[in-house]
Amino acid sequence: MSITKRSFMIICLIISCILLTLNLVTYGLFRYSITDQILTSYDTLVDANNSLCRLFTQELDQLTYLYTTDEELGNLLSIPVGEDSLEDLQTKSELNSRMAYTLNSQTALSNKGFSSVLYLNPALPVSTLFRSDTTIKRVSRLFSAETVLHEEWYQKAHEQVTRQYIFVDEEEGRLCFAKKLQNSHYSGPRLQDGVGVLLCSVPANRIPQIFSFHPLTANSGFAIFSRDGALLYQSDTLPDLSDAASQFLGDTAHQELSLNGSSYIYSSAELDWGLHLLFLTPYSDITGQLHRVMLPYLICSLIFLIIGALSSLLLSRGITRPVVHLTRKIESIEDTRTVDLAAFSGLSGPPEIRRLNTSFGDLIRRVNRLTGQIQKAAEQRRISELRALQAQMNPHFVLNAMNTVNYMALMREQDDIAATVDSIASLMRYSITDPDKLVSIHTEVENIREYISIYTLRFRQEIRLEISADRPDTEIFIPKFTLQPLVENSIRHGITRQDAGITVFLRAWEDEDRLYVQVTDTGRGADPDKLNAYLRYEDVDLKVSHGFGIRNVNERIQLHFGGDSGLTFSIDTNGRLAATLTICTAKKSAPDNKI
């Protein structure tokens, strides 16, 4: 992908992320604002309906009180009947008129379609005037309770002491309030169940007017439940709430309610007489309002995105054009020595591009200079190789001369001189033959034996070399002259001229992924802490001789095998100084590997 396209896509992506973030934040703020506004409106409606419900129940209680204290009604209920049919008809008419008069005196109730019916106790003599066969429904305001004795609402009303029993007459479509009625002016025999049950009702379609409910959204609604969770009324816009009472009764906080797979936000409150008022608004209405509010923002965001894309295209082209031009000039270079450096200076454009051109011109100059230096180094290397080949002739000449001396000593029966010369020749041959080749411990030990034979012949001291290994020596490969300096240190620093001799122990073993080779001796020993400090190039009071030395051995092992490979000094279980080589077997080499 070209830099122009890449920069264009990056700028468009940044603009898109910014616009998306702004829209999401705006959406969240509007959603919160609208939801909070609805909840605030619900709180206002709850307070208002609490007041309205209180007024309604007070009016209903006032009506019940009027029926209870109505002297004329009490006197009419106390009149004996059956003696004169004409007087009975007059009593019946006066009772209906008195019931209607008392209800009409409560204009607030009568204007809301409110109606009341008194179901007389069958024990009252006057109840015989209002039997079902002699009383017209919807005309008379009194009936004998004989026809409703087994109705649930009638029995529930008798069970209540002071409260109303509230229920829904689904057949008539009315919300009903039933209460046992007494009359303080009734002079007949004492009745435990009162003079009857007063049944008041209001049409269900007038309930929204009583509670002055104004929907906050198209599908908002409210519902009324009794104290035991029975649904008394619900708006037509809401789904069936018959089984929903248990989810909110006793909780007036604003919560989320799930009905038929749809989410609603609701607020509930407890009213007088144990009624519960529930307001519901579906989240889909809130989302619909949000979509209408957010549509202008989305259109503006789309316009800004298009403008941003065009601007980013022009901007990316302006930025990348000089870079593309420079790239084409670089691609045309085949040999830096033939480049016209004037083409990379004096160019117009942004300061950064001019600086880039200048820097690239300087880079070509440095490359050309380094190329010349490399050519000169190659010539010097060729000369050095010729000199090295010439230098290899000298050791071979000395080796051939030593072989001649060995032959002459044997001819003159000087066996000790011949053995010494042969050992020296073997040491020289070991050192000049593939000096950077890895060898087995067995080969390294054979070279050590030659060194010991020369040392023994010179100083006439007994030097013993004891070897033990948990695996064949030929399987362990190390750089040349790795063990020889350690054995040499044991001999040179372990005994003096007055000592009869020394024994050097060489042991090799393997543990998990580590190979260990250890050299100990019966000599005088030394301080291992100082030797380890010397390996770390710390200042110690040690007299160090020239030669390979222990630092050389340590660094060669570390460079070749890596990890925690290297040389360390310690005191073994016999109290002897031990030089231990640690080799990581993960990098174990074959015998023909080079250092």
Side-chain angles (χ1 to χ4, degrees), residues 49-50 52-65 67-68 99 103 106 109-110 112-122 132 137-138 140-182 193-211 213 221-236 238-250 268-278:
N49 281 282
N50 261 321
L52 292 173
C53 181
R54 191 174 299 111
L55 291 174
F56 178 76
T57 56
Q58 288 176 358
E59 292 170 354
L60 192 54
D61 288 337
Q62 179 67 22
L63 178 64
T64 305
Y65 175 76
Y67 283 132
T68 302
M99 289 289 295
L103 177 61
Q106 299 294 105
L109 291 176
S110 59
K112 297 173 182 176
F114 191 86
S115 65
S116 62
V117 176
L118 177 60
Y119 285 88
L120 297 171
N121 190 334
S132 59
K137 287 186 177 182
R138 303 183 185 278
S140 178
R141 297 183 182 274
L142 295 96
F143 293 92
S144 174
E146 291 179 347
T147 58
V148 294
L149 287 176
H150 302 292
E151 294 288 342
E152 181 183 5
W153 63 266
Y154 184 82
Q155 296 176 4
K156 291 285 186 181
H158 278 285
E159 293 174 1
Q160 306 294 326
V161 178
T162 58
R163 296 181 301 189
Q164 304 272 356
Y165 175 67
I166 306 172
F167 66 98
V168 177
D169 186 352
E170 296 182 356
E171 183 177 344
E172 298 290 336
R174 301 179 71 88
L175 180 62
C176 301
F177 308 87
K179 185 176 183 181
K180 183 170 63 174
L181 184 66
Q182 300 282 0
D193 291 337
V195 296
V197 174
L198 180 64
L199 181 64
C200 303
S201 64
V202 64
N205 56 8
R206 301 294 294 273
I207 293 178
Q209 298 176 11
I210 296 174
F211 285 89
F213 175 72
F222 78 104
I224 301 175
F225 292 84
S226 64
R227 67 176 65 253
D228 55 359
L231 179 64
L232 302 177
Y233 173 81
Q234 72 170 56
S235 300
D236 296 335
L238 299 177
D240 184 17
L241 300 174
S242 301
D243 300 326
S246 60
Q247 301 186 47
F248 68 87
L249 280 181
S268 65
E270 186 174 354
L271 307 177
D272 290 350
W273 292 356
L275 296 176
H276 285 270
L277 182 64
L278 174 67

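Hydrogens, waters and symmetry mates are skipped; everything else that's a heavy atom, side chains included, is used.
- Counting non-hydrogen atoms of other residues, nucleotides and ligands closer than 6.0 Å to CG of Asp240 gives a total above 12.
- Taking both residues in full, the closest heavy atoms of Tyr119 and Ser144 are given as CD2-O, 4.0 Å, listed atom of the first, atom of the second, then distance.
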For residues 55-63, which side-chain N or O atoms pair as donor and acceptor with protein atoms under 3.5 Å away, sequence neighbours left out?
unit_1	atom_1	unit_2	atom_2	d
Thr57	OG1	Cys53	O	3.0
Thr57	OG1	Arg54	O	2.9
Thr57	OG1	Asp272	OD2	3.3

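- By the side chain to side chain contact (heavy atoms under 4.5 Å, CB included) test, Thr64 is found to be paired with Thr68, Gln164, Lys179, Leu181, Leu198, residues two or more places apart in sequence or in another chain being considered.
- Neither side chain, Ser115 nor Arg141, offers a donor N or O lying under 3.5 Å from an acceptor on the other.
- Of all non-hydrogen atoms in Ser116 and Met99, the two that sit nearest each other are OG-CE, 4.4 Å.
- Phe177 contributes atom CZ, which lies 9.0 Å from atom OG of Ser201 (distance to the nearest 0.5 angstrom).
- Of the inter-residue distances, the one linking Phe167 atom CZ with Glu152 atom CD reads 9.0 Å to the nearest 0.5 angstrom.
- Between Leu232 and Val168, the shortest heavy-atom contact is O-CG2, 3.0 Å.
- A donor-acceptor contact shorter than 3.5 Å is absent between the side chain of Asp169 and the backbone of Arg174.
- Here CG of Leu142 is found 5.0 Å from CG of Leu120. Values are rounded to the nearest 0.5 Å.
- Atom CG in Leu278 sits 8.0 Å away from atom CG in Leu238 (nearest 0.5 Å).
- Taking the six-membered ring for Trp, Tyr65 and Tyr67 have ring centres at least 6.0 Å apart.
- At least one donor-acceptor pair closer than 3.5 Å links the side chain of Gln234 to the backbone N or O of Leu241.
- The two residues His276 and Ser226 make their nearest non-hydrogen contact at CD2-O, 4.0 Å.
- Nearest heavy-atom pair, Gly194 versus Asn121, reported as atom, atom and distance to 0.1 Å: O-ND2, 2.9 Å.
- In this structure, the side chains of Pro208 and Tyr233 come closer than 4.5 Å at one or more pairs of heavy atoms.
- Atom CD1 of Ile166 is separated from atom CZ of Phe225 by 13.5 Å, given to the nearest 0.5 angstrom.
- Summarising the geometry, atom CD belonging to Gln160 is positioned 12.5 Å from atom CD belonging to Gln155; distances are rounded to the nearest 0.5 Å.
- Contact between Val197 and His158 at its shortest, heavy atoms only, is CG2-NE2, 3.6 Å.
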